[in-house]
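Inspection log for the structure reproduced underneath, given as structure tokens.
Every number for a ligand or one of its atoms is a count from 1 in the order of the listing.
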Amino acid sequence: MDKQNQEAKLQLSYIEKCASLIMEKYNRPLRLRIQNEGCQMNSLQTETVAGMALRMGCVRVEKEEDADLVIYNTCTVRENANQKIYGHLGFLKSIKKKRPDMKIVLFGCMMQEAHVVEKIRSDYPFVDLVFGTHNIHKFPELFYHVLMTDSQIIDIWQDSSEIVEGLPADRKYSFKTGVNIMFGCNNFCSYCIVPYVRGREKSREPQAIIREIEELVQEGVTEVMLLGQNVNSYGKTLDTPVTFADLLRQVDKIPGLRRIRFMTSHPKDLSDDLIRAMAECKKVCHHLHLPVQSGSSRILKQMNRRYDKDHYLTLVQKIREAIPDISLTTDIIVGFPGETEEDFLETMDVVEKSDYDTAFTFIYSKRTGTPAAKMEDQVPADVIKDRFDRLLRLVQEKGRQNSCRFTGMVQEVLVEDENREPGVLTGRTEHNLLVHFKGPRELIGQYVPVKLDSCKGFYYFGSLQQEEK
Ligand code: SAH
Ligand code: SF4
Ligand code: F3S
């Protein structure tokens, strides 16, 4: 713990050094544009890097054209995320030609791939700083060296055993936030690059998590989303092991906290005790994201998911028995190598039977270095497209029916934003369903009762109810 604090202290001192150097060199705050790609764990790390940059005295701007410092947190889970970054770099090159003192920083998952770093070294010399997923806390120190030397710095670590606690973050909402409870992944699903770019699974100590949430509550946060690639295996590698179910029970006791969400649950590790904890804990929202990936037991085996169709459907049944109003959502991959029409129909069957509110559907993307990339019978693009369209139709039809099941009821909504139309607010129910309704801006961040008048499929129009006195 001490060593971690020392590292945080060291970086805080580099933040100070950067702040002085920025004033010396630029004589004004740097205008910052920071962008996130990828999952919620990435967003959280983007908020940390943004927090550190703001402490250096940076100010945010909307457009890259206006920025002195452009930072991208990258994702590489599918090929299109990769292509997007290369596209952006071309655009940034043209801006930097006009303003050579602009600084460009890339970090995150894509930077953990050797071929990407090679390409940046050879084709994108105007990128100033590159770091990966294991040394995000080093941003102040690395950026200090960039400012001092004006040369390209690339620092990628292969893994790290420490978790640095206590760095500043600039959160999007003042009343809700994600909290990392673990990093990395040990599952090696055969299609997935995450274990290679995020390293081995590491859990944070429960005390550190609880302390962070207590501090967040002090700052006005009432909803937390506990984040990890597989939260159901949380705590297994700690010196004193703790289960995820027990962590939920502890978080549930924190005074002032109102809602607890979590992501992502791997079906192979979802225990009966977790289902019990979800049912018992008053603050745990009745929403579970349970990625199935495929409905075919044969494909699930090839995917190295370590559960089969029956196991998954039994889990769904158990969860619905314990928490009848639960909202279920999922992720599905179409076109995994060797997927036949028969396999695909098994996926359609799971969608029929599981009654998801939403399913995120992805076309299989071949990731270099994963076992699936070497599998021979890759499915032709036109076959995948046809299956994808059929799946999407079913998912939408079922999703519309399922998410409309609360029509006419009054539910508690956490108000998140004002819509583009002034006077119209947007919030979420505990089931993670969106509701639009008329009300004053001042309600943002508050919990209010809203009658769900009409369902538009995936979201509701509602009306604000008088609070009971
Ligand atoms: N840890 C989470 C998933 C993180 S990645 C879990 O195991 O559920 C988010 C989603 O991206 C996955 O659920 C999967 O559906 C999708 N995905 C991952 N690798 C992919 C690939 N190579 N091609 C297409 N989709 C992929
Ligand atoms: Fe990828 Fe599987 Fe780990 Fe999820 S559990 S991040 S899909 S390897
Ligand atoms: Fe993408 Fe990395 Fe998340 S690859 S999905 S940003 S863990």
Problem - Selection from Thr264, Thr76, Asn80 by shortest heavy-atom distance to atom 6 (C) of ligand 1 - result: Thr264
Fill in the blank from the handout: ligand 1 atoms nearer than 4.0 angstrom to some heavy atom of Tyr364 are 23 (N), 24 (C)
Exercise for the section: Give a yes/no verdict on whether any heavy atom in Arg198 is under 4.0 Å from an atom of ligand 2. Expected result: no
Exercise for the section: Would you mind checking which non-hydrogen protein atom is closest to atom 5 (S) of ligand 2, with the distance to 0.1 Å? Expected result: Asn187 ND2, 3.4 Å
Problem - Interfacing atoms of ligand 3 (cut-off 4.0 Å, heavy-atom, Asn42) - result: 6 (S)
Exercise for the section: Could you tell me whether some N/O pair between Asp331 and ligand 1 is separated by less than 3.5 angstrom? Expected result: yes
Exercise for the section: If you have a sec, work out which protein heavy atom is nearest atom 22 (N) of ligand 1 and how many Å separate them, to one decimal? Expected result: Ser365 O, 2.8 Å
Fill in the blank from the handout: The residue among Lys283, Met225, Glu223 that forms side chain to side chain contact (heavy atoms under 4.5 Å, CB included) with Ile260 is Lys283
Handout entry: side-chain hydrogen bond (donor to acceptor under 3.5 Å, both in side chains) partner of Tyr72, chosen from Arg33, Glu37, Glu64
Key = Glu64
Exercise for the section: Only one of Met41, Arg204, His134, Arg200 passes side chain to side chain contact (heavy atoms under 4.5 Å, CB included) with Phe183; say which it is. Expected result: Arg204
Problem - Charged N-O contact under 4.0 Å between Lys385 and Asp389 - result: yes
Problem - Tyr196 ring center within less than 6.0 Å of Phe188 ring center - result: yes
Exercise for the section: Distance to 0.1 Å, residue and atom name: give those for the protein heavy atom nearest to atom 18 (C) of ligand 1. Expected result: Val77 CG2, 3.5 Å
Handout entry: Heteroatom N/O/S of Cys75 within less than 2.8 Å of atom 1 (Fe) of ligand 3
Key = yes
Exercise for the section: Quick one: pull up CD in Gln45 and CG in Leu227 and give me the separation to the nearest 0.5 Å. Expected result: 10.0 Å
Exercise for the section: Just jot down the ligand 1 atoms closer than 4.0 angstrom to any heavy atom of Ile333, in number order. Expected result: 14 (C), 15 (O), 17 (N), 25 (N), 26 (C)
Completion exercise
Looking only at protein heavy atoms, what sits closest to atom 1 (Fe) of ligand 2 is Cys192 SG, 2.3 Å
Practice task
Please identify which atoms of ligand 2 are closer than 4.0 Å to at least one heavy atom of Val194.
Solution key: 6 (S)
Problem - Gamma sulfurs of Cys75 and Cys109 within less than 2.5 Å - result: no
Practice task
Tell me, please: is Asn230 in heavy-atom contact with ligand 1, that is, under 4.0 Å?
Solution key: no
Exercise for the section: Number the atoms of ligand 1 from 1 as they appear, then name those within less than 4.0 Å of a heavy atom of Arg367, with their elements. Expected result: 22 (N)
Handout entry: Nearest neighbour in protein (non-hydrogen) for atom 2 (Fe) of ligand 2
Key = Cys189 SG, 2.3 Å
Handout entry: Thr133 side chain near Asn42 side chain, heavy-atom distance below 4.5 Å
Key = no
Exercise for the section: With heavy atoms only and a cut-off of under 4.0 Å, state how Pro291 meets ligand 2: side chain, backbone, both or neither. Expected result: neither
Problem - Non-hydrogen atom of Ile363 closer than 4.0 Å to ligand 1 - result: yes
Exercise for the section: Look only at the side chain of Glu201 and the backbone of Met182, and say whether a donor-acceptor pair between them is shorter than 3.5 Å. Expected result: no
Exercise for the section: Under the salt bridge (charged side-chain N to carboxylate O under 4.0 Å, His left out) rule, what do Asp355 and Arg405 come out as? Steps first, then yes or no, please. Expected result: CA-CA 11 Å; Asp355 284 325; Arg405 68 191 185 281; over 6 Å; no
Completion exercise
Closest heavy-atom approach to atom 16 (C) of ligand 1 among Arg78, Gln40, Met303 is made by Arg78
Problem - Closest protein heavy atom (residue, atom, distance) for atom 8 (O) of ligand 1 - result: Pro291 CG, 3.1 Å
Practice task
For atom 19 (N) of ligand 1, grab the closest protein heavy atom and report residue, atom and distance to one decimal in Å.
Solution key: Tyr191 CD1, 3.3 Å
Fill in the blank from the handout: Taking only non-hydrogen atoms of Phe188 and a 4.0 Å limit, the atoms of ligand 2 in range are 8 (S)
Practice task
For Lys84, look at atom NZ and say whether over 12 heavy atoms of other residues, nucleotides or ligands are found less than 6.0 Å away.
Solution key: no
Practice task
Can you pull out the closest protein heavy atom to atom 14 (C) of ligand 1? Residue, atom name and distance to 0.1 Å, please.
Solution key: Gln293 OE1, 3.4 Å
Practice task
Could you tell me the residue and atom name of the protein heavy atom closest to atom 7 (S) of ligand 2, and the distance to it rounded to 0.1 Å?
Solution key: Tyr191 OH, 3.4 Å
Practice task
Give the numbers and elements of all ligand 2 atoms closer than 4.0 Å to a heavy atom of Arg305.
Solution key: 2 (Fe), 7 (S)
Exercise for the section: Give a yes/no on ligand 1: does Arg305 have at least one heavy atom closer than 4.0 angstrom to it? Expected result: yes
Completion exercise
Numbered in order shown, the ligand 2 atoms found under 4.0 Å of a heavy atom of Pro195 are 8 (S)
Practice task
Give a yes/no on ligand 1: does Val194 have at least one heavy atom closer than 4.0 angstrom to it?
Solution key: no
Fill in the blank from the handout: the protein heavy atom lying closest to atom 3 (Fe) of ligand 2 turns out to be Cys185 SG, 2.3 Å
Handout entry: Closest approach of any protein heavy atom to atom 3 (C) of ligand 1, naming residue and atom
Key = Gln229 OE1, 3.9 Å
